[in-house]
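Each remark here refers to the structure printed beneath this line.
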Amino acid sequence: MNKPKIIWLNVFVFLTTFLFAAIAVPYRAITHGFDMAEIVMAVICFIYCGMSITAGYHRLWSHKTYQAHWSLRFIFALGGAFALQNSALHWSSDHRIHHKHVDNNDKDPYSAKMGFWYSHIGWMLREYQASRYSNYENVRDLQKDKIVMWQHKHYLVLSALMNFGVPLIFGFINGDIISALLLVGVLRLVLSHHTTFFINSLAHIWGKQTYTDKNTARDNGFLAFFTFGEGYHNFHHIFENDYRNGIRWWQFDPTKWLIKGCEYLNLTSKLRVSPEDKIEKAKLSMTLKRTQQRLAKHPNAELMLAKLQTEYDLVVAKLNDFYDAKKQLLANKKAELMSDVENSELHKQYIELKVRFNEQKKSFVTMSASIA
Ligand SMILES: [Zn+2]
Ligand SMILES: [Zn+2]
């Protein structure tokens, strides 16, 4: 079978920027050095590009996990062009297909089952899915967003303006155009490219399947550090409508903090989160599954499996009781049916159910962990 045609423009851009970053940047660092202003500017631009992709292209436009003021969308549209990852419309269309047909080598544009190289960068080097390239049926909603369409229409000019304009203006002011082009222009772009690409490659290979094993996506705190929080990719693939990827307060997810922070400034609204009970259930069912797999080789497998199942059924029952009480309590609070919520019978019941659920969860998790 003939391989699809090579996309020479992409090959040229990826290769030349990479070579400049790998050879010219270190050479300049040794022979000339970079000053603090150049380093700080490169870091700021790297963060700007990365967050425009994660908060803008990904969580806002691809998944609609929140709504954003036009000014913020405008900032993301410019940052996305700066990151040189195609228009928001095209990116989102690809990404929605990735979620819908994840790991399907014929449909997923960057299927992880095609291997590291393909899912990282290879998929952009040849016309693998040329037939659907301009089919934007799955992003009709985004076609109503004037900023998305404006960026899509003028993408080439905008990306050239951002990638050359920002380093040139900065270099002119700072007094060293070559250093600015190398650091703020090229190195920033290459790092921004590959950290994003890691989400399609490494985040589908390396890490834990905390919530589901129906696809290759993994949770990886180390990767989250370099990808503005997107390393919690297993959670993201099962709860894609959630504006968070790292859902615990201690999980490194600056994109989540940005979206939440902007809510206080009235720049973002309608932040969507997944129901806590569904998240808990997904995690518990994966713990059960992993323990069952480990138990298969155990001499007493049948008896142990039955015991484990009993513990699991109990934890799910208690989880349902607890979350039912929680929902009831919240509904009453909302309807202002109770004058003294803290001292109500329902609140006492809720606390009691919470304790019982947590005890049972601990017992189930301890039992699972003891089966090595
Ligand atoms: Zn996604
Ligand atoms: Zn993915």
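Just so you know, ligand 1 is whichever comes first in the structure, and atom 1 is the first atom listed for that ligand. In this chain, residues are counted from 1 in sequence order. Heavy-atom basis, side chains included; hydrogens, waters and symmetry copies ignored.
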For the Zn ion (ligand 2), the closest N/O/S atom belonging to H204: NE2

Closer than 2.8 Å to the Zn ion (ligand 1) - protein N, O or S atoms, ordered by chain and residue number: H58 NE2, H63 NE2, H95 NE2, H99 NE2, H236 NE2

Partners passing salt bridge (Lys or Arg N to Asp or Glu O under 4.0 Å) against R140 (at least two apart in sequence or in another chain): none

Note: E263-K260 ion pair, threshold 4.0 Å (strictly below): yes

H236 and H95 aromatic ring geometry - parallel, tilted or perpendicular at 30°/60° bounds: parallel

Could you give the side-chain donor-acceptor pairs of residues 365-372 under 3.5 Å, partners two or more places apart or in another chain?
unit_1: T366; atom_1: OG1; unit_2: K362; atom_2: O; d: 2.4
unit_1: S368; atom_1: OG; unit_2: F364; atom_2: O; d: 2.9
unit_1: S370; atom_1: OG; unit_2: M367; atom_2: O; d: 2.7

Salt-bridge present (E230, R244; N to O < 4.0 Å): no

By salt bridge (Lys or Arg N to Asp or Glu O under 4.0 Å) - contacts of K361 (at least two apart): E280

For the Zn ion (ligand 2), the closest N/O/S atom belonging to H233: NE2

Distance-only side-chain donor-acceptor flag, K318 / N358, under 3.5 Å: no

